[in-house]
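Following: one structure in structure tokens, then a few remarks.
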Number of protein chains: 2
Amino acid sequence: MALFDRDGYDATTVDDIAAALGIGRRTVFRYFASKADIVWGEFDAELARLDRHLRDAPDGEPLFDCLRRAVVATNHFGAGELGELRVRIRLIESVDALVAHSAVRYAEWRRVVAVFAARRLGGEPDDLPAETLSRAALGAATAAFTCWVRRGDDNLSGDLDQAFELLARGFSLPEPPHRRSAAT
Amino acid sequence: MALFDRDGYDATTVDDIAAALGIGRRTVFRYFASKADIVWGEFDAELARLDRHLRDAPDGEPLFDCLRRAVVATNHFGAGELGELRVRIRLIESVDALVAHSAVRYAEWRRVVAVFAARRLGGEPDDLPAETLSRAALGAATAAFTCWVRRGDDNLSGDLDQAFELLARGFSLPEPPHRRSAAT
DNA sequence: TCAATTTATAACACTGGATGCCAAAATGGA
DNA sequence: TCCATTTTGGCATCCAGTGTTATAAATTGA
């Protein structure tokens with residue numbers, strides 16, 4: 001990650017990485033399925049946490065509230081880790097090779113959400129409602145991450161809140177009299 | 001495309017394609033920026049059409065109605081072309097390399113929608129609302145395509161209708177007696 | 001009609017990610 | 001200490017993608 005940050009993702013070859021680690025190039029590919037996976041790190045664990053949060057969600061809680069809470073919870077890092085996360089997301093969104101790879105990882109994310117959505121909406125995870133919801137939810141989450149990184153503040157949770165709120169409301173405009181003035 | 005369909009995308013090398021066309025391998029890359037772009041075909045033209053439809057949308061029409069109409073219109077193919085489209089989409093969704101590449105093309109699609117969304121929602125295309133909407137809309141569109149291909153019928157427009165309707169309603173359940181009063 | 005210029009083609013070489021194969025090195029008992 | 005298992009990494013190979021360059025084709029101008 002230090003090399004990527006310093007020299008850029010494309011300019012850093014796997015040979016460079018292997019050399020910096022003092023290991024063989026072939027060994028790098030034993031620990032990471034691809035160069036892109038180095039940036040994605042422990043995404044599998046994050047997915048598992050998301051899955052657990054969604055399973056544990058109480059049935060009464062509104063659909064998007066569950067999702068928002070689960071996504072916020074699985075992305076709740078300490079102040080020290082936020083900087084690291086920012087670097088990773090900036091890379092993932094700006095480097096073409098990583099943007100491309102992200103589609104494969106996001107498909108796994110969607111699957112987890114689709115299974116949850118099917119339980120709530122009825123039908124199968126492969127049906128249109130669950131499929132649409134999982135993709136829209138991914139859109140909301142990534143939009144929040146994107147805007148958070150772009151602005152550079154530290155209110156990731158707030159952005160996630162807003163994004164899921166927009167989705168839940170069907171993007172209806174400002175919304176008239178309404179007690180919760182937080183999101184607008 | 002015939003080679004991809006017959007032998008599979010990965011098993012078909014660019015050399016194979018060049019040989020089948022009776023041209024040089026280097027020449028293939030003059031006409032297509034990448035192997036994946038061969039499958040995507042005239043996506044640029046499709047994007048331009050989407051953009052045109054969204055620009056022409058009347059201001060009074062509800063947000064998601066514009067989007068639904070524009071997406072349906074830009075993907076309205078004749079009966080003969082639908083088979084071809086099905087093959088293309090199935091490839092794009094099943095081959096990892098194409099799934100990955102799709103993220104780059106979809107980013108262009110989102111940009112067009114984000115510009116439109118910013119006009120309607122206020123703010124800039126880079127702001128959270130437009131960003132979220134464009135990503136959610138992409139989710140709805142791709143969900144419809146996915147389910148359409150999966151089921152194998154010929155009601156693509158119907159699926160697109162449903163997906164955008166779900167989005168507009170915030171995925172609220174079946175919906176009680178309700179004429180269509182803008183938003184929930 | 002014939003040169004002159006431009007553009008299209010394609011051969012060649014090279015980079016860099018990814019994978020299969022296999023031998024050497026490290027590890028861990030017994 | 002010896003054997004078995006795992007880890008490591010060197011080597012060769014494949015393939016996508018790119019720069020360079022010579023040649024062929026098309027276009028333009030006189």
Side-chain angles (χ1 to χ4, degrees), chain A residues 1-45 47 87-109, chain B residues 1-47 87-109 111:
Chain A
M1 286 302 297
L3 290 183
F4 289 157
D5 200 24
R6 199 191 55 184
D7 304 333
Y9 180 83
D10 289 325
T12 306
T13 71
V14 176
D15 280 302
D16 292 338
I17 297 165
L21 293 172
I23 63 178
R25 162 202 170 70
R26 197 69 181 74
T27 306
V28 174
F29 283 108
R30 172 179 316 280
Y31 289 99
F32 298 97
S34 70
K35 184 184 171 185
D37 269 316
I38 298 174
V39 179
W40 279 83
E42 8 49 45
F43 184 69
D44 287 341
L47 255 195
V87 170
R88 282 228 306 271
I89 293 187
R90 205 190 304 272
L91 266 182
I92 287 174
E93 289 187 343
S94 62
V95 178
D96 253 25
L98 291 173
V99 169
H101 182 76
S102 68
V104 178
R105 307 311 301 262
Y106 285 152
E108 303 164 17
W109 192 95
Chain B
M1 285 304 297
L3 290 182
F4 288 157
D5 201 25
R6 199 191 56 186
D7 305 331
Y9 179 83
D10 289 326
T12 306
T13 70
V14 176
D15 279 302
D16 294 338
I17 297 165
L21 293 173
I23 62 177
R25 163 203 168 69
R26 198 68 182 75
T27 306
V28 173
F29 283 109
R30 172 180 317 283
Y31 289 99
F32 300 96
S34 70
K35 185 183 171 185
D37 268 316
I38 297 174
V39 180
W40 279 83
E42 9 50 42
F43 184 70
D44 287 341
E46 204 166 302
L47 255 196
V87 171
R88 283 228 307 270
I89 293 186
R90 205 190 304 272
L91 267 182
I92 287 174
E93 289 186 345
S94 62
V95 178
D96 253 27
L98 290 173
V99 170
H101 183 75
S102 69
V104 178
R105 307 311 301 262
Y106 285 153
E108 304 165 16
W109 193 95
R111 187 69 200 169

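Keep in mind the model is a prediction, meaning the values are calculated, not measured. Reminder, nothing fancy here: chain letters follow the sequence lines and each chain counts from 1.
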### Task
Report the nucleotide, chosen from D:dG9, D:dG17, C:dG17, that has the shortest atom-to-atom distance to any side-chain atom of B:Phe29.
D:dG17
### Message
Can a donor-acceptor pair be found, under 3.5 Å and without considering hydrogens, that links the side chain of A:Lys35 to the backbone of A:Ala97?
### Response
no
### Task
Carefully, step by step, assess A:Ile38 and A:Val28 under the rule side chain to side chain contact (heavy atoms under 4.5 Å, CB included).
CA-CA 9 Å; A:Ile38 298 174; A:Val28 174; 4.3 Å; yes
### Query
At their closest point, which heavy atom of B:Ala103 faces which heavy atom of A:Ala103, and how far apart are they?
CB-CB, 3.9 Å
### Query
A:Leu21 CG to D:dG9 P: how many Å, rounded?
10 Å
### Message
Any donor-acceptor pair, under 3.5 Å, between the side chain of B:Arg25 and the base of D:dG17, if you only look at N and O atoms?
### Response
yes
### Task
Rounded off to whole Å, could you give me the OH-to-P distance for the B:Tyr31 and D:dT18 pair?
17 Å
#### Entry: Whole angstrom value for the distance that separates P of D:dT13 from CG of B:Asp15
17 Å
### Query
How far does OG of B:Ser94 sit from OH of B:Tyr9, to the nearest 0.5 angstrom?
11.5 Å
### Task
Kindly indicate whether the side chain of A:Arg26 and the base of D:dA12 share any N or O donor-acceptor pair separated by less than 3.5 Å?
no
### Task
For A:Asp44 and A:Arg105, run salt bridge (charged side-chain N to carboxylate O under 4.0 Å, His left out): C-alpha distance rounded to whole Å, both residues' side-chain angles, the deciding distance at 0.1 Å, then the answer.
CA-CA 9 Å; A:Asp44 287 341; A:Arg105 307 311 301 262; 3.0 Å; yes
### Task
Please state how far atom CD1 in B:Ile23 lies from atom P in D:dA25, giving the value in whole angstrom units.
16 Å
### Query
Please walk me through it: do B:Asp16 and B:Arg25 pass salt bridge (charged side-chain N to carboxylate O under 4.0 Å, His left out)?
CA-CA 9 Å; B:Asp16 294 338; B:Arg25 163 203 168 69; over 6 Å; no
### Query
How many Å lie between CD1 on A:Ile17 and C1' on C:dG17, as a whole number?
11 Å
### Message
Any base atoms under 4.0 Å from B:Phe32, or only sugar-phosphate, or nothing? Heavy atoms, all strands.
### Response
nothing
### Task
Please tell me which of the listed nucleotides, C:dA10, C:dA18, D:dG17, lies nearest to the side chain of B:Lys35?
D:dG17
### Query
Tell me: CG of A:Asp96 to C1' of C:dG17, nearest whole Å?
16 Å
### Query
Do any of residues 5-14 of chain A sit with a heavy atom less than 4.0 Å from DNA chain C, and if so which?
A:Thr12, A:Thr13, A:Val14
### Query
If you look at every heavy atom in A:Glu108 and A:Leu47, which pair is closest and at what distance?
CB-CD1, 3.5 Å
